[in-house]
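Since the structure comes first, as structure tokens, the remarks are kept for the end.
A note on names: the letters A, B, ... follow the listed sequences, proteins ahead of strands, and every chain is numbered from 1.
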Amino acid sequence: MPHSKIKSLLSTSPVSQEVTSKGWVRSNRTGKNVSFIALNDGSCLANLQIVADAQKFPKELLMSAQTGACISVTGKLVASTGSGQPVEIQADSIEILGASDPAVYPLQKKGHSLEFLREIAHLRFRTNTFGAVFRIRHSLAYAIHEFFHKRGFYYLHTPIITGSDCEGAGAMFRVTAMDLKNPLKTPNGDIDFAKDFFGKETYLTVSGQLEGELGALALSEIYTFGPTFRAENSNTTRHLSEFWMIEPEMAFYDLKDNMRLAEDFLKYLIQFVLDNNKEDLEFLNKMYDSTLIEKLRFVTQNNFRHLTYTEGMDIIQKSGKKFELQIQWGSDLQSEHERFLVEEHFKTPVILTDYPKDIKAFYMKQNEDGKTVRAMDILFPGIGEIIGGSQREENYEKLVNRIREMKIDEKNLGWYLDTRRFGTCVHSGFGLGFERLVLFATGMSNIRDVIPFPRAPKEAAF
RNA sequence: UCCUCGGUAGCUCAGUUGGUUAGAGCAGUAGACUGUUAAUCUAUUGGUCGCAGGUUCGAGUCCUGCCCGGGGAGCCA
């Protein structure tokens with residue numbers, strides 16, 4: 001008999017039909033006359049209640065269906081006489097598919113700390129919290145593809161192994177097939193990468209943007225969605241060494257078009273979760289962040305606040321607030337300043353634009369003032385920078401000059417510069433940190449709790 | 001990498017100015033009871049106090065080093 005997912009059983013009206021359910025036992029309350037087993041298969045937050053008449057089953061069977069065990073149950077789906085659930089299964093047969101010794105099974109019926117669950121990340125999927133988080137993560141990933149597909153964007157796969165070491169977005173992990181104990185050397189003693197697997201130095205990508213631009217200048221509107229790697233020694237609640245990033249890149253978009261797309265995009269994704277993950281959100285709202293749903297609604301219903309870096313700096317300096325670090329025009333905003341703008345001053349997501357060129361990347365479109373570039377950062381409460389993007393410099397001369405000013409080796413960028421030599425056009429794009437979005441959408445506070453297998457300095461289990 | 005707080009039973013924690021056999025709740029185990037909802041009640045197993053040194057008559061408690069974890073900062077998404 002094919003089994004049904006618990007999510008669909010719970011929304012089936014009880015007409016006493018025979019059904020089979022398979023899942024993992026969350027709790028088992030066995031008495032003299034009757035056993036109640038809470039079964040969960042991950043299809044939804046709620047458990048399915050299995051009622052087993054003690055007369056019909058050997059006691060050993062009922063006792064072995066303990067927390068953690070995987071079981072299959074067949075019986076009648078009936079209206080529940082208890083108050084906690086609409087329907088339940090009156091069991092006719094119960095099979096232990098996989099036993100679990102409760103004396104050593106790490107998960108208990110009680111709640112566990114997130115720190116403890118991080119240490120047993122291979123089992124944390126079986127908790128209410130991580131079930132909810134990863135269902136929401138899935139929804140967001142799905143909604144990202146849906147959003148772009150509806151708008152005619154193409155999903156472009158940019159390389160994970162890259163030979164361009166000048167992407168400028170942080171330290172990179174080297175990729176090599178050489179024997180590190182005995183690497184091949186050149187006559188003057190340097191490591192001879194020409195003899196390595198790819199015949200050159202290669203790394204894991206820190207961004208698909210530059211390659212994405214190549215696609216956009218042919219397919220018009222593309223996006224990437226893939227893993228990204230940064231070898232920074234960052235130990236924070238918002239950084240990972242391996243994370244997923246979404247990078248749309250659009251021909252014929254100026255900075256304003258870019259900002260409009262980014263705002264529509266974020267609102268669409270959050271609305272999708274509000275529409276499709278109500279039960280999970282309510283759980284997280286209750287357990288972790290009592291303002292979660294309110295915050296998500298607020299984002300979908302209000303326009304983001306737009307202001308330039310210069311205006312933002314003005315507000316910070318005139319606020320009279322004491323900051324750890326004093327800043328002036330030209331310095332990068334610190335976390336405390338971003339938080340002040342977003343969480344205290346405006347109390348809404350903020351898009352900051354037109355940053356000083358010296359604190360931004362070489363490829364950003366230079367403004368006429370000679371001092372700023374058409375960059376935009378979207379700042380979210382509790383998260384900080386969730387999106388960073390810009391209009392790209394499409395003028396060949398200006399771009400080359402900037403590359404030389406910043407002492408970047410242009411030899412390796414010929415392929416990139418070719419887009420400016422042959423049929424260049426105004427174009428823009430941005431990068432969204434997927435886990436930061438999941439963090440915001442779930443109300444969790446540590447980014448390691450919104451990715452299944454976190455990679456961070458000194459952490460690469462599984 | 002820096003700052004800061006922490007590491008005591010499977011989990012969450014208490015442990016006084018250094019003092020004798022280190023405690024609780026939950027989980028587990030045994031039993032009772034029950035259309036129960038993280039059920040309830042009774043009994044009970046369980047600890048090299050992160051690791052290594054040091055001070056002391058005596059260290060979970062004080063000192064030094066190291067390891068691990070939380071939070072914050074920087075780098076950024």
Whole Å only: how far is the CE atom of A:Met63 from the P atom of B:rA32? 11 Å

If you draw a 6.0 Å radius around CZ in A:Arg455, do more than 12 non-hydrogen atoms from other residues or ligands fall strictly inside? yes

Suppose you measure atom P in B:rA24 against the same atom in B:rU45; what distance do you get, rounded to whole Å? 10 Å

Check this for me: does the side-chain of A:Glu88 come within 3.5 Å of the base of B:rG35 through a donor and an acceptor? yes

Roughly, in whole Å, what's the span from CD in A:Glu435 to P in B:rA77? 14 Å

Paired to B:rA39 by Watson-Crick or G-U wobble criteria (both distances under 3.5 Å) is none

Considering only B:rG35, B:rC11, B:rC33, which nucleotide approaches the side chain of A:Lys32 most closely? B:rC33

How close or far is atom C1' of B:rC68 from atom CD1 of A:Ile120, stated in whole angstroms? 17 Å

Measure the distance from NZ on A:Lys109 to C1' on B:rA27 and round it to the nearest whole Å. 9 Å

So what does A:Asn47 hit on the nucleic acid, given a heavy-atom distance under 4.0 Å: a base, only sugar-phosphate, or nothing? nothing

So what does A:Leu240 touch, heavy atoms closer than 4.0 Å: a base, only the sugar-phosphate, or nothing? base

A:Glu115, nearest nucleotide to its side chain (from B:rC76, B:rU12, B:rG70): B:rG70

Could you state the CG-P distance from A:Leu62 to B:rU36, rounded to the nearest angstrom? 18 Å

Could you tell me if the ring centre of A:Phe147 sits under 6.0 Å from that of A:His145? no

Around atom NZ of A:Lys267, are there more than 12 heavy atoms of other residues, nucleotides or ligands at under 6.0 Å? yes

From the list B:rG70, B:rC11, B:rA77, which nucleotide is the closest neighbour of the side chain of A:Arg436? B:rA77

Which nucleotide, if any, forms a Watson-Crick or G-U wobble pair with B:rU17, using both distances under 3.5 Å? none

Looking at B:rU12, I'd like to know if its phosphate oxygens (OP1 or OP2) sit under 4.0 Å from a side-chain N or O belonging to A:Ser113. yes

Closest listed nucleotide, where the reference is the side chain of A:Ile447 and the choices are B:rG28, B:rA77, B:rG70: B:rA77

On a heavy-atom basis, which atom in A:Met364 and which in A:Ser390 lie closest, and how many Å separate them? CG-OG, 3.3 Å

Rounded to whole Å, how long is the line connecting atom CG of A:Asn33 with atom C1' of B:rA32? 13 Å

Look at A:Arg238 and B:rA73 and indicate whether a side-chain polar atom (N or O) is within less than 4.0 Å of OP1 or OP2. yes

According to a strict under-4.0 Å criterion, is A:Thr236 in side-chain N/O contact with OP1 or OP2 of B:rG72? no

Is the phosphate of B:rG10, meaning OP1 or OP2, less than 4.0 Å from a side-chain N or O of A:Gln108? no

In terms of side-chain heavy atoms, does A:Glu211 have a donor or acceptor partner in A:Tyr416 at a distance below 3.5 Å? no

When we call it a touch if two heavy atoms are under 4.0 Å apart, what does A:Glu324 touch: a base, just sugar-phosphate, or nothing? nothing

Hey, what do you get for CG (A:Leu10) to CD (A:Gln85), rounding to the nearest 0.5 Å? 9.0 Å

For the residue pair A:Phe153 and A:Phe148, does the interplanar ring angle fall in the parallel (under 30°), tilted (30 to 60°) or perpendicular (over 60°) class? tilted

Between the base of B:rC33 and the side chain of A:Arg29, is there any donor-acceptor pair under 3.5 Å? no

Using whole Å, what does the distance between atom C1' of nucleotide B:rA77 and atom CD of A:Glu247 come to? 9 Å

May I ask you to check whether A:Tyr223 and A:Tyr155 place their ring centres under 6.0 Å from each other? yes

Contact class for A:Gly388 vs. all strands (heavy atom < 4.0 Å): base, sugar-phosphate, or nothing? sugar-phosphate

At 4.0 Å (heavy atoms only), tell me whether A:Thr30 reaches a base, stays on the sugar-phosphate, or touches nothing. base

Report which part of the nucleic acid A:Thr81 touches: base, sugar-phosphate, or nothing (heavy-atom distance under 4.0 Å, all strands). base

Starting at the 5' end of RNA chain B, which residue's closest nucleotide do you reach first, A:Ser83 or A:Tyr105? A:Tyr105

Which part of the nucleic acid, if any, lies within reach of A:Gly384 when heavy atoms closer than 4.0 Å are counted: base, sugar-phosphate only, or nothing? nothing

Assess whether one donor atom and one acceptor atom, taken from the side chain of A:Arg26 and the base of B:rA38, lie less than 3.5 Å apart. no

Taking pairing as Watson-Crick or G-U wobble with both contacts under 3.5 Å, can you name the mate of B:rG47, or confirm there isn't one? none

Using heavy atoms to find the nearest nucleotide of RNA chain B for A:Gln334 and A:Ile386 separately, return the residue whose nucleotide is more 5′. A:Gln334

Given B:rU29, B:rU12, B:rG35, which nucleotide is nearest the side-chain atoms of A:Pro102? B:rU29

Quickly work out the A:Asn40 CG to B:rA38 P distance and round it to whole Å. 14 Å

A:Ser80 near the nucleic acid: base, sugar-phosphate alone, or nothing, with a heavy-atom cut-off under 4.0 Å? base

Base-pairing mate for B:rC62 - Watson-Crick or G-U, with both contacts under 3.5 Å: B:rG54

Determine: side-chain N/O of A:Thr237 to OP1/OP2 of B:rG71, distance under 4.0 Å, yes or no. no

According to the 5.5 Å centroid and 30° plane-angle thresholds, does A:Phe243 stack upon the nucleobase of B:rA77? yes

